[in-house]
Amino acid sequence: MALVRSALRLSVAYLISLLLVMILAMGLYLAYRFYLRHRPRPASPLDAIANIARDSLEDLVQGREWGNVIVAAYARMLEAVRTARDVHREQAWTPREFAARLARQGLPASAVDELTRLFEAARYGGQVADDDARRRAASCLESILQVCRIQA
């Protein structure tokens, strides 16, 4: 009889331990699922590009020199895409080749192409901004912003 009681106590202790381990495992699983749903999401490349476009558009509206704004926006977009999607602008790529790559990544091709032309004019052509160039740059940035908002 003592042997049966001892075995029964051992079985009860085993079952309680097993139940506690299962409850702990379930709690850890639920905590992990909660973490996955509520963890901070890294900024998408579209979010980063949208921020760059927004800042650049604001700079244009405030009257900053358009060539500097466009060149800086281009450099920041290169870095954003490189960081977020590991897309590097190869040294041998022209700005237009990189623009084609950006369009394949989901940005509006016409806006990227026009912004690239403006970048080339500002960077390599030394052109002075006129109202038309500012308007076109702002329009391109607004198009990029719109697409980023839709896809983000």
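If you're wondering where the values come from, they're calculated on a predicted model, not measured in any experiment. Sequential numbering from 1 along the given sequence is applied to the chain's residues.
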Of all the heavy-atom pairs spanning S56 and V69, show the shortest one and how long it is.
O-CG1, 3.5 Å
Can you measure from CD1 (I70) to SG (C140) and round to the nearest 0.5 angstrom?
8.0 Å
A73 versus I52, closest heavy-atom pair with distance:
O-CG2, 3.8 Å
Any ion pair linking E120 and R96 (charged N to carboxylate O, less than 4.0 Å)?
yes
Show every donor-acceptor pair shorter than 3.5 Å between a side-chain atom in residues 15-30 and any protein atom, with sequence neighbours excluded, or say none if there are none.
residue, atom, partner, partner atom, Å
S17, OG, A13, O, 2.9
Y29, OH, R33, NH1, 3.1

Between CZ of R76 and CG of N51, what distance do you get to the nearest 0.5 Å?
8.0 Å
From L60 CG over to N68 CG, what is the distance, rounded to the nearest 0.5 angstrom?
11.0 Å
Side chains of residues 108-116: which donor-acceptor partners sit under 3.5 Å, not counting sequence neighbours?
residue, atom, partner, partner atom, Å
E114, OE1, R117, NE, 3.2
E114, OE1, R117, NH2, 2.8
E114, OE2, R136, NE, 2.8
T116, OG1, V112, O, 2.7

To the nearest 0.5 Å, what is the distance between CD on E142 and CZ on R135?
11.0 Å
